[in-house]
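Encoded as C-alpha cells, the structure appears first; notes follow it.
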Amino acid sequence: MRAFLIRHRETILMFLLGVIIFGALNLLMLQMNYDTWTNAKFGPYSAFHKGWELSGFDNTTYIAVATWRPLYIMMRHPLIMYFVYPMYEMNEYLQDQLHLNCSIFIVAAIWTHISTLAWLVLYRIMRKIISLSVGQSLLLCLFYFSFSHIMLATFAPDHMLLSMTLLLIMLYISAKAASKGKQLATWKSLLMCFLATGISTTNCVKIWLIDTMTMQGRITDRKWWSRLICHGLLYLIPLAFVGSLYWFQTETIFEQEANYSQSMDQNLKEKNPKKYERIAENSKKAKEQNTAKQISDSKWFQWTDFSLPLMPSVVENFFGEGFQLHEDYTLRDSHRANHRPDIVEYNHWYYYFVEGVIVLLLAIGIWCGRKERLMWMALSVFAFDCILHLGFRFALNDVYIMTAHWAFIIPIAVGYTMKSVSHCCVRKYSLMGVVALLTIWLWYHNLSLTYDFILNAQR
C-alpha cells in the first residue's frame with residue numbers, strides 16, 4: 001500500500017485537489033432554490049422550472065433524474081436518457097427512505113467525480129503528452145477551469161461536462177497512441193464514438209477527426225486515403241447502434257411522453273380554453289420568429305440564427321462570455337423574454353484586453369505546436385465548432401455555453417508555447433506569470449459573480 005501511494009502520489013494529490021475544487025463548486029450549486037428542489041411533495045417539472053436560470057444551461061437532467069421523462073432533444077442527445085437511468089433509480093430509492101427529492105445531491109456527486117476525471121485527464125495530457133513540469137501542468141489546469149463556461153459546466157446539470165470529458169479522454173488516448181507511432185485501436189475509437197455520439201450527435205464527427213490524426217502515412221499516398229475510407233466506414237457500426245437505441249426510445253418512452261403531453265393539453269383545453277388558445281398562439285408566433293432566422297425550414301436547422309451580427313457575436317459571446325462573464329445580465333438566459341439581449345458588451349476596456357491576450361496565446365500556441373499530432377487533433381475539433389457555430393450560426397445567441405466542447409485547445413496550445421520557451425528562463429517564467437495573472441483574475445471575476453447570482457437566486 002505504501003509503495004502504491006509513493007508511486008502514484010502525484011496523481012492522488014491531483015485527484016484530491018480536483019475533488020476539493022469541484023466539490024466546493026457543486027456545493028455552491030446546491031444553494032440554488034434548495035428548499036423547493038428538495039421538497040418531494042412538489043411536482044419535479046414545476047419545481048425545477050421555478051427559479052431556474054443559469055446562462056442558458058438546461059435543468060433537464062434534474063427533471064430526468066426525478067421523473068425519467070424524456071425532455072431532452074433526442075435528435076441531439078440520443079442516448080442521454082440511458083445514462084440518466086441509474087441516477088433516476090438511485091433517487092427513487094433515496095426519496096422513499098428520506099422523503100426528499102435527492103436529484104440535486106446525486107447530480108452534484110456525479111458531476112464532482114466527472115469534473116475531477118476531466119481535470120486528471122487534462123493534467124496527464126500536459127505531463128505525459130506535452131511533457132511539462134508539475135507546476136506548469138497544474139497552472140494550465142487551473143487556467144482552463146477558470147474560464148467562465150468551463151467552470152459552470154462542472155456543476156450545471158447539462159450535457160456539456162459529459163461531452164468535454166469524453167473528448168479529453170479521446171484526445172489523450174489518441175495522442176498517446178500517436179506518440180508511439182501507432183494508430184488508435186479500432187475498438188477504442190468505435191467505443192468512444194458510441195458513447196460521445198450518445199451524449200451529443202455532433203461528437204461523432206469530432207471523434208472521427210481526432211482518430212484520423214492518429215493514422216500513419218502521408219496524405220498524398222493513395223493507400224492512406226483507402227485506409228481512411230475503410231476505417232471511416234467502420235463508424236457506421238456504433239452509429240447504427242445509436243440509431244437503433246434512438247428508434248427504440250421513440251417507440252417506447254417517447255410514445256408515452258407524447259400521450260401524456262396530449263392528455264395535459266386536452267385537460268387544459270377543457271378547463272381553461274382561453275389560456276390554452278393563448279399558449280398555442282404564443283407558441284406559434286415563437287416558432288414563426290425562429291423559423292425566420294434559420295438558414296432552412298428543416299428541423300435539422302431549427303437552432304441556427306442568421307439574424308445576429310457575426311463579429312460582435314465572436315467578440316462578446318464566442319470568446320468573451322465563454323472566458324469571462326459580463327457584469328450586466330450576469331448568467332441570464334437569452335432565450336427568455338427581456339432577460340438578456342443576444343449581444344451584451346463589457347463595461348470596461350480591460351475585459352477586452354484579457355480576451356485579446358487569451359486569443360493571442362491561442363494563436364501563438366497553435367504555431368508553436370504546429371508539428372504535433374495532439375495540436376492538430378485539438379485544432380480539428382476547434383475548427384469544426386467554428387464552422388458549426390460561426391459558419392452555420394448554430395446556437396449563436398448563446399454559443400458561450402458550448403465553450404466546453406472546444407476550449408481545451410487553449411491550455412494545450414499554451415502548453416506547447418511553454419515547452420518551446422523552456423530553454424530560456426526569462427521567457428519561461430514571464431509566460432507562466434502571464435498565465436498565472438490571467439488565472440487569478442478569471443477565478444476571482446467569474447466565481448464572485450457566480451456566487452452572488454446563486455445566493456441571490458435562492459432568496
Side-chain angles (χ1 to χ4, degrees), residues 1-32 34 61 83 86-87 90 94 102 104-158 160-173 175-176 403-404 407-408 410-412 414-415 418 432-433 435-448 450-451 454:
M1 183 65 180
R2 183 178 179 183
F4 175 83
L5 293 175
I6 293 173
R7 183 180 178 183
H8 299 283
R9 62 181 179 274
E10 184 180 324
T11 302
I12 293 170
L13 289 173
M14 285 298 297
F15 170 78
L16 293 174
L17 182 58
V19 169
I20 292 170
I21 293 172
F22 303 117
L25 290 173
N26 278 277
L27 282 174
L28 174 62
M29 186 62 194
L30 293 179
Q31 307 304 312
M32 192 175 186
Y34 175 87
T61 300
F83 290 97
M87 292 187 274
M90 189 184 302
L94 292 175
C102 296
I104 60 174
F105 303 113
I106 294 170
V107 172
I110 293 176
W111 258 233
T112 296
H113 285 82
I114 296 175
S115 300
T116 304
L117 175 60
W119 163 273
L120 287 174
V121 174
L122 181 62
Y123 180 79
R124 288 188 72 84
I125 288 173
M126 299 302 161
R127 289 285 283 147
K128 303 298 182 181
I129 308 299
I130 306 179
S131 302
L132 299 178
S133 67
V134 173
Q136 289 172 325
S137 301
L138 176 58
L139 176 59
L140 288 174
C141 287
L142 290 169
F143 177 53
Y144 176 65
F145 284 96
S146 70
F147 297 166
S148 60
H149 282 74
I150 302 300
M151 183 191 302
L152 288 167
T154 63
F155 59 83
D158 212 322
M160 311 302 175
L161 175 64
L162 304 177
S163 287
M164 178 184 75
T165 305
L166 289 170
L167 290 173
L168 281 172
I169 292 172
M170 184 64 184
L171 282 172
Y172 175 66
I173 61 178
K176 191 175 181 180
T403 305
F408 40 74
I410 296 173
I412 291 172
V414 177
M418 287 183 175
M432 290 182 66
V435 176
L437 288 173
L438 288 172
T439 303
I440 293 169
W441 162 251
L442 290 173
W443 271 106
Y444 166 75
H445 174 75
N446 293 325
L447 190 56
S448 60
T450 302
Y451 179 84
I454 289 178

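Only this structure's heavy atoms are used, side chains among them; waters, hydrogens and symmetry mates stay out. A quick note: this is a predicted structure, and the numbers were derived from the prediction, not measured.
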> Residues in ring-ring contact (aromatic ring centres under 6.0 Å, His included) with W119, at least two apart?
Replying inline: F22, F145
> In chain order, what residues pass the salt bridge (Lys or Arg N to Asp or Glu O under 4.0 Å) check against R127, with sequence neighbours excluded?
Replying inline: E10
> Would M29 and I104 count as a side chain to side chain contact (heavy atoms under 4.5 Å, CB included) if you check the C-alpha gap in whole Å, the side-chain angles of each, and the deciding distance to 0.1 Å?
Replying inline: CA-CA 9 Å; M29 186 62 194; I104 60 174; over 6 Å; no
> Do you know which two heavy atoms are closest between A404 and F408, and how far apart they sit?
Replying inline: O-CE2, 3.8 Å
> Taking only residues two or more places apart in sequence or in another chain, which ones pass side chain to side chain donor-acceptor pair (under 3.5 Å) with D158?
Replying inline: none
> Is M14 close to L138 at the side-chain level, that is, under 4.5 Å between some pair of heavy atoms?
Replying inline: yes
>> Could you go through T11 and R124, starting from their C-alpha distance and side-chain angles, then the distance that decides it, and tell me whether this counts as side chain to side chain contact (heavy atoms under 4.5 Å, CB included)?
In response: CA-CA 9 Å; T11 302; R124 288 188 72 84; 4.0 Å; yes
> Just how far is it from atom CD of Q136 to atom OG of S131, taken to the nearest 0.5 Å?
Replying inline: 10.5 Å
>> Looking at every non-hydrogen atom in both residues, tell me the closest pair between L139 and M432 and how far apart they are.
In response: CD2-O, 3.6 Å
> Are I130 and L140 close enough, and set up right, to give a side chain to side chain contact (heavy atoms under 4.5 Å, CB included), and what steps lead you there?
Replying inline: CA-CA 12 Å; I130 306 179; L140 288 174; over 6 Å; no
>> Against I21, only a single residue in T112, L16, T116, L142 fulfils side-chain contact (heavy atoms from CB on, under 4.5 Å); can you say which?
In response: L142
>> Please give me the minimum heavy-atom distance between A153 and L161, naming the atom from each residue.
In response: O-CB, 3.3 Å
> Which heavy atom of A175 sits nearest a heavy atom of I129, and at what distance?
Replying inline: CB-CG2, 3.8 Å
> Around H113, counting heavy atoms of other residues, nucleotides and ligands shown, do more than 12 lie under 6.0 Å from its NE2?
Replying inline: no
> Hey, is the main chain of F143 close enough, under 3.5 Å, to the side chain of S146 for a donor-acceptor pair?
Replying inline: yes
>> How long is the straight-line distance from CE of M126 back to CG of L132, given to the nearest 0.5 Å?
In response: 7.0 Å
>> Just so I know, are the side chains of Y123 and L17 near enough to count as touching, which here means a heavy-atom distance under 4.5 Å?
In response: no
> Where do P411 and A407 come nearest, in terms of heavy atoms and distance?
Replying inline: CD-O, 3.3 Å
>> For a quick test of reading the model, state the closest non-hydrogen atom pair linking I454 to L28 and the distance between them.
In response: CG2-O, 3.5 Å
> Do the non-hydrogen side-chain atoms of L117 and I169 ever get within less than 4.5 Å of each other?
Replying inline: yes
> Is it true that a side-chain atom of N26 and a backbone atom of T154 form a donor plus acceptor pair closer than 3.5 Å?
Replying inline: yes
> To the nearest 0.5 Å, how far apart are OG in S448 and CG in N446?
Replying inline: 7.5 Å
>> I need the L162 CG to L167 CG distance, nearest 0.5 Å.
In response: 11.0 Å
> Can W443 and T439 be said to form a side chain to side chain contact (heavy atoms under 4.5 Å, CB included), step by step?
Replying inline: CA-CA 6 Å; W443 271 106; T439 303; 3.5 Å; yes
> Could you give the distance from CE (M87) to CD1 (I110), rounded to the nearest 0.5 Å?
Replying inline: 4.5 Å
> Distance from F83 atom CZ to T61 atom OG1, nearest 0.5 Å?
Replying inline: 12.0 Å
> Do the non-hydrogen side-chain atoms of I410 and Y144 ever get within less than 4.5 Å of each other?
Replying inline: no
